Amino acid sequence: MIMLQLPLKHVAKSSRVFGSHSIFILSTPSPYFRHHYQHQFYPAATSTQTSAIDAEVGSSLRAKLVFSFKEWFKRGEIGLLDRIFEVLGAHDEDDANSRLAADLALSQLNLRLSESFVLTVLNHGARHHQVLSCLKFFDWAGRQRHFHHTSVTFHAIFNILAKAKLTSLVLDYLADYGKHSFCYNVRCDNVLVMGYAVAGKPDVALQVFGRMRFRGLDLDVISYHVLLNALVEQSCFDAVEVVAKQICNGGFENEITRSIMVKSLCKQNLLDDADAYLRDLVSRGRPFSARALAILVDALCKKKQYGKAMGLMEEFKQLGLAPMDDAYGACLRNLVQAGKVEGALEFLWDKSLEGYVPPLFQYNILLFKLLRESRLKEVYDLLTDMKENDISPDKVTMNAALCLFCKVGMSDVALELYNSRHEFGLSTNGLAYNYLINTLCGEGSINEAYRVLNDSIDQGYFPSAKTFSIIADALCREGKIGRMKELVFNFPEQKSRRRDFVIYKIISALCMAQRVEEGYLMHGDLNGLTKVTARNTYVHLINGFININKGDFAARLLIEMQEKGYHATQAMFKAVIQCLCNMENPITQFFKLLEMQLSHHKPNRFTYNNFIAGAGHAKKPELAREVFEIMHRSGIEPNHSSYILMLQSYLKSERISDALNFFSDACQRGKVSGKLWNAVVVGLCKANRIDVALDFFWKMKSAGSIPSHECYEEVVRQLCLRGYYDLVVNFIKELEKEGCPITSFIGNTLLFHSLRTQELYEAWVLAREVQDETSSIAMLGKLIGAFCGRLRVSEHIKSWEELIEQCFPLNLYTYNMLLRRLSMSHIDHACELFNRICQKGYEPNRWTYDILIHGLVRHGRTAEARRREEEMFMRGFDPTVKTKRRRRS
């Protein structure tokens with residue numbers, strides 16, 4: 001459950017939107033939340049009544065929320081601007097008929113053209129990266145009878161093209177500007193100077209300017225400043241001084257000139273000089289624009305001098321000589337771009353900035369920064385602030401709102417806004433489509449998710465691989481394979497790689513749904529189209545046939561997979577061979593696959609060893625022995641791995657006498673190694689022959705071979721299972737003598753048995769050597785005594801951790817044992833430990849949750865147990881039968 005409470009400054013605002021509900025609750029739907037919500041607001045109602053009230057309040061709140069956002073989305077002229085660019089984007093400029101149709105469609109919009117309106121349209125297009133459409137609109141506007149482009153509109157379109165790195169278009173236009181009749185309303189020389197300056201060719205602009213001066217002409221004020229700014233941008237500071245002097249001599253100096261000069265100083269990293277220049281203007285009473293202060297603030301922020309920038313803004317705010325919005329905007333923009341989201345929010349909510357409203361694009365950038373960090377409360381605060389400040393949202397803002405409602409689980413609100421998108425001109429972007437599809441799938445609304453997916457493809461947005469994976473899994477779970485196949489055939493040709501990905505996903509999903517034959521047919525269709533099946537798809541198909549015991553198909557696919565150049569792992573070989581061995585006629589199929597492997601690849605130990613391992617896992621040691629002998633006859637000497645695998649095949653089938661005879665034969669051939677000794681001890685333990693295993697363990701020690709950690713672990717585990725605790729203590733002492741550390745597996749085994757019985761501790765006490773307090777083994781004895789309840793230790797979690805760390809490394813299993821120990825007597829400490837487990841980066845598993853829930857129920861904390869059980873379900877785990885029985889009782 002996620003509860004978002006507005007800060008105090010927004011409570012009054014939200015009450016006007018949501019009526020009496022001044023606290024806005026965004027929640028993911030869950031049984032626990034409904035129960036908690038009902039009793040919080042209506043404690044006296046019956047269960048039937050509360051269900052009805054809950055539904056009524058929830059639907060009422062959501063209806064008001066949807067209405068509020070719909071009304072906000074309809075504000076302003078964003079719809080008209082989007083309509084203009086929709087018309088421009090739908091027609092081909094190279095086609096004369098299409099161009100005429102676009103002209104007619106724009107004329108039918110009855111646009112009142114003016115310099116400010118044209119600038120608004122161009123800025124809107126630039127913000128949404130529709131550069132070529134901006135150029136089309138500029139051309140169309142210039143051909144209208146009652147409108148003439150100005151220096152300002154020329155500068156705007158040149159800037160848009162230059163920022164989009166389309167300066168070649170600017171240069172092409174300037175090369176044949178005489179063909180554009182509407183340009184004669186601005187002096188052609190001015191257009192050339194501005195164009196070359198913006199296009200990054202200030203040297204050419206200066207040449208044009210020089211020819212003008214030779215003819216006795218001069219630039220207008222706008223062209224002068226465009227040229228001056230371009231010289232600053234290109235770091236032509238000598239020329240800057242010359243042109244600035246010309247501006248002063250011509251009487252054109254104004255606030256823009258002074259702003260550019262501040263920019264020049266900042267560009268040269270002379271920030272102190274820029275500061276002094278501004279202060280000199282103040283002292284002389286010379287006017288300067290807010291832009292000049294913003295440029296200096298921006299430069300200070302880029303140098304990470306935020307404190308100095310803040311102080312400067314506060315000082316000039318007190319002087320009251322210029323509006324502060326530009327400076328505030330520069331500071332906020334730098335904070336956001338530098339990733340200082342916390343600082344940006346603190347700056348935005350600063351009471352001393354009362355009245356400052358950031359521009360729309362800065363709100364949008366901050367919204368998506370917060371969304372990426374899942375700071376949903378702050379996202380909602382920002383959206384509310386935008387509504388209250390009467391900021392008309394654009395499609396970026398609308399998509400941010402959709403993403404917010406998806407992330408908090410309110411897919412119904414997001415879906416209703418999405419369904420009403422044509423009312424307010426919402427154009428959903430790829431991110432919002434991904435969020436909406438993922439959320440709908442998560443809530444089981446597969447049909448709606450499929451509809452939205454089709455809409456996104458129609459709009460040219462192809463959801464991410466993760467989203468396709470989610471919806472493919474959901475559709476396959478619902479058995480709606482036909483829909484996924486339909487989707488595949490609707491893919492455009494240029495998205496063939498994504499289409500193939502979906503096909504592979506369908507095949508994988510079919511295999512997981514035990515419909516592997518259908519998946520195999522689709523795989524055949526792919527091969528018919530000469531498409532190369534992905535390796536993972538082969539793996540899913542092979543595993544699918546193994547699961548339904550069709551080893552012949554699995555073997556066929558294994559060969560095909562190898563022929564396609566994919567590597568087959570040893571585990572895959574083992575699984576396929578094991579499946580073949582479990583079929584009706586295993587010998588024929590087994591040796592047929594072996595023959596095919598040997599014919600496709602040069603005979604080698606790896607191939608033979610895979611077949612020995614597979615037969616051993618299938619408990620067919622006679623087949624494994626036959627392969628072992630074939631290897632001999634082929635002139636390939638079995639290596640140590642071959643002997644170990646052959647030995648294990650006997651032990652797994654519990655053919656102990658054959659295993660011992662084979663081991664004896666290996667000794668006579670001189671093939672016994674430390675690994676083979678360890679393999680025979682471990683295998684005997686797993687075959688429940690601890691008596692024979694102990695005999696071989698001591699023989700191995702006498703032969704000078706060092707037992708592995710696994711060897712010690714299996715012996716200790718078997719001894720504990722049979723209650724031979726005195727021998728367990730001897731083994732731990734043996735480990736200490738060898739200087740081997742106690743592994744986590746051995747330590748966890750001892751803790752597990754300490755929780756079940758006190759006999760292990762009693763055996764520990766009887767061993768005199770354990771009484772030495774300085775011995776490291778004594779610490780393990782204390783730990784066992786504490787776990788079985790015979791010794792008292794501090795219940796503080798850190799004390800337990802320190803005690804265990806002195807004995808062996810902790811892992812999640814250790815923490816689960818400790819959680820069980822604490823939940824028996826101190827449930828609060830157990831809850832604290834659960835949180836600590838998560839903080840340490842461990843992912844709680846089924847046993848972690850089950851132990852905690854069992855302890856909570858035992859201590860009568862059923863409500864908390866129910867909440868944890870719900871969390872457990874969400875993680876995909878089920879409580880054990882014992883815990884379910886205890887909770888019901």
Side-chain angles (χ1 to χ4, degrees), residues 1-2 26-31 33-34 55 58-59 62 66 399 401-422 426 428-492 495 498-519 521-522 536-537 540 544 870 873-878:
M1 179 182 66
I2 304 168
L26 299 179
S27 66
T28 52
S30 67
F33 171 69
R34 288 197 293 271
S59 61
R62 280 166 162 73
V66 170
N399 280 295
L402 278 184
C403 292
L404 169 67
F405 292 126
C406 289
K407 289 199 90 168
V408 297
M410 297 182 74
S411 60
D412 52 344
V413 175
L415 190 60
E416 189 161 350
L417 290 173
Y418 170 78
N419 290 336
S420 307
R421 61 193 181 281
H422 297 302
L426 166 64
T428 314
N429 64 19
L431 184 65
Y433 273 124
N434 279 324
Y435 271 86
L436 193 52
I437 293 168
N438 292 349
T439 305
L440 290 169
C441 286
E443 296 186 357
S445 303
I446 309 303
N447 291 332
E448 290 290 355
Y450 181 76
R451 177 176 66 84
V452 173
L453 178 65
N454 274 322
D455 288 348
S456 73
I457 293 174
D458 290 342
Q459 294 299 315
Y461 290 108
F462 290 85
S464 66
K466 181 180 178 182
T467 301
F468 267 121
S469 178
I470 289 171
I471 196 166
D473 287 341
L475 287 169
C476 291
R477 271 198 315 272
E478 298 284 324
K480 298 177 180 178
I481 308 299
R483 283 202 162 179
M484 286 304 296
K485 291 179 180 178
E486 174 189 325
L487 179 64
V488 166
F489 293 116
N490 289 337
F491 265 74
K495 295 292 179 180
R498 185 63 61 83
R499 179 192 60 208
D500 293 345
F501 166 80
V502 177
I503 293 174
Y504 302 147
K505 193 67 190 178
I506 295 172
I507 294 174
S508 300
L510 285 167
C511 294
M512 293 173 71
Q514 302 295 314
R515 296 167 62 179
V516 66
E517 290 93 345
E518 292 180 52
L521 290 174
M522 285 196 75
N536 282 343
T537 307
H540 283 292
E870 182 183 327
F873 283 134
M874 290 176 68
R875 295 289 185 93
F877 303 130
D878 275 328

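Numbers for residues simply follow the sequence, beginning at 1. What you see is a predicted model, and the numbers here were worked out from it, not measured in a lab. Heavy-atom basis, side chains included; hydrogens, waters and symmetry copies ignored.
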Does the side-chain contact (heavy atoms from CB on, under 4.5 Å) test come out yes or no for L431 and N399, once each step is laid out?
CA-CA 8 Å; L431 184 65; N399 280 295; over 6 Å; no

Quick one, L402 and R421 - any side-chain contact, counting heavy atoms below 4.5 Å?
no

Using a 4.5 Å cut-off on heavy atoms from C-beta on, say whether the side chain of R451 contacts that of L415.
yes

So how far is it from C511 SG to E517 CD, rounded to the nearest 0.5 Å?
9.5 Å

Answer yes or no: is there a side-chain heavy-atom contact under 4.5 Å between Q459 and T428?
no

In this structure, which one of N434, N419, L436 forms a side chain to side chain contact (heavy atoms under 4.5 Å, CB included) with V452?
L436

Taking the six-membered ring for Trp, are Y433 and Y461 parallel (under 30°), tilted (30 to 60°) or perpendicular (over 60°)?
tilted

Step-by-step side-chain contact (heavy atoms from CB on, under 4.5 Å) determination, I471 to T467:
CA-CA 6 Å; I471 196 166; T467 301; 5.5 Å; no

So do the side chains of I470 and I437 get within less than 4.5 Å of each other, counting heavy atoms only?
no

Would you name the heavy atoms of A414 and C406 that are closest together and state the gap between them?
CB-SG, 3.9 Å

